[in-house]
There are 2 protein chains.
Amino acid sequence: MPVELTPSQALGLWHAVSLEQVRVDSRDLTLRQMAILLEIYLVPPPHTVRGLAAKLGVTKPVITRALDTMGALGLVDRVRDERDRRNVVIKRTVEGALYLEKFGDLIINQGRKL
Amino acid sequence: MPVELTPSQALGLWHAVSLEQVRVDSRDLTLRQMAILLEIYLVPPPHTVRGLAAKLGVTKPVITRALDTMGALGLVDRVRDERDRRNVVIKRTVEGALYLEKFGDLIINQGRKL
DNA sequence: CAACAAAGAAACGCTTGCGTAACGATCGGC
DNA sequence: GCCGATCGTTACGCAAGCGTTTCTTTGTTG
């Protein structure tokens with residue numbers, strides 16, 4: 001189910017959403033953090049630090065730090081994997097789901113306004 | 001010409017674009033910087049520090065710093081307004097236009113892949 | 001069970017962004 | 001011409017992110 005956008009619509013959508021998000025939410029996630037958050041919530045688990053690092057093409061500490069930050073914000077949670085205790089499994093949270101749900105609504109609404 | 005998106009499409013699009021942008025471009029603009037950049041390129045000039053600050057709902061130093069950063073990247077330029085020399089007019093650059101053009105293509109292509 | 005490998009976190013020094021407050025330059029009204 | 005208002009920048013101390021490297025814990029393999 002492809003979404004066909006003109007260049008003007010594509011940038012206009014990004015513009016409107018970025019603008020509104022900046023105005024509404026003081027939590028200023030970086031693009032990397034946003035990518036990580038969406039990866040966690042949109043791709044089936046399990047998610048690990050190593051896996052996310054590979055997927056985004058960044059180093060592991062980048063993921064660790066992003067999880068620190070977003071964990072403090074309550075957007076994600078970390079649980080040690082009991083089957084291989086070297087691993088940490090990243091868990092979704094209610095607050096994180098809510099955050100993305102609102103963000104999705106923002107995109108939809110700004111898209112309609114185009 | 002509204003764009004109708006389902007929640008899944010909206011977040012999926014944002015996910016794909018964020019991911020690809022993180023992987024492709026080391027310039028990691030913050031959401032604020034991106035919002036400023038898009039405002040400059042999508043809204044008719046003139047743009048001033050004060051105007052952008054009001055539009056985004058942030059303080060002036062935030063704009064000044066973002067312009068410093070993006071100016072160093074060649075994405076925007078600053079010119080003193082000769083009619084009221086207190087003002088600074090923010091100018092677009094070829095490189096900035098190119099940057100956004102590529103970014104728009106990224107959005108369009110990821111949208112098609114949904 | 002010893003040795004190596006792997007996963008994630010922590011340490012390090014550095015850079016960049018933040019909010020608040022102060023500043024110099026410029027304008028406008030009296 | 002002066003004085004208050006306006007515009008953008010700078011200064012300050014602080015928080016957060018970065019890349020690289022090192023460390024700790026846990027698994028795996030010979």
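Being a predicted model, the structure only gives us computed values, none of them experimental. First the proteins, then the strands, lettered A, B, ... as listed; each starts at 1.
- Toward the 5′ end of DNA chain D lies the nearest nucleotide of B:R78, the other residue of the pair B:D28 and B:R78 mapping further downstream.
- One cannot find a donor-acceptor pair under 3.5 Å joining the base of D:dT25 and the side-chain atoms of A:R86.
- Near DNA chain C, meaning a heavy atom under 4.0 Å from it, residues 45-63 of chain A has A:T48, A:V49, A:R50, A:K60, A:P61 in order of number.
- Of the inter-residue distances, the one linking A:L5 atom CG with B:I107 atom CD1 reads 8.0 Å to the nearest 0.5 angstrom.
- The side chain of A:D84 approaches D:dT26 more closely than any other nucleotide in the set D:dG17, D:dT9, D:dT26.
- Atoms CG (A:D68) and C1' (C:dA10) sit 10 Å apart, rounded to a whole Å.
- Surrounding CZ of B:R50 are at most 12 heavy atoms belonging to other residues, nucleotides or ligands under 6.0 Å away.
- Among the heavy atoms of the strands lying under 4.0 Å from A:Q33 are primed sugar atoms or P, OP1, OP2 only; no base atom is included.
- In this structure, A:T64 reaches the C:dA9 phosphate: one of its side-chain N or O atoms is under 4.0 Å from OP1 or OP2.
- Sequence order on DNA chain C of the closest nucleotides to B:A66 and B:R83 puts B:A66 first from the 5' end.
- Rounded to an integer number of Å, the gap from CD1 of B:I36 to P of C:dG17 is 11 Å.
- Within the 3.5 Å criterion, the main-chain N or O of A:D77 finds no donor-acceptor partner in the side chain of A:T93.
- Judged by distance alone, the side chain of A:D25 and the main-chain N or O of A:Q21 form no donor-acceptor pair under 3.5 Å.
- Residues A:I40 and A:H47 approach most closely at O-NE2, 3.2 Å, considering heavy atoms.
- Computed from coordinates, the A:R80 CZ to C:dG8 C1' distance equals 6 Å when rounded to whole Å.
- When the C1' atom of C:dG17 is taken as reference, atom CG of A:L29 falls 15 Å away, rounded to whole Å.
- Atoms CG (A:L67) and P (D:dA16) sit 16 Å apart, rounded to a whole Å.
- Of the candidates D:dA16, C:dC27, C:dC18, the closest approach to any side-chain atom of B:R85 belongs to C:dC27.
- For the pair A:N87 CG and C:dA5 P, the computed distance is 18 Å after rounding to whole Å.
- When all heavy atoms of A:I108 and B:T6 are compared, the pair lying nearest together is CD1-C, 3.9 Å.
- Between B:W14 and A:F103, the two ring planes are perpendicular [angle over 60°; tilted spans 30° to 60°].
- The base of C:dG19 lies close enough to the side chain of B:R65 for a donor and an acceptor atom to sit less than 3.5 Å apart.
- If you check D:dG19, D:dG27, C:dC27 against the side chain of A:R32, the one that comes closest is D:dG19.
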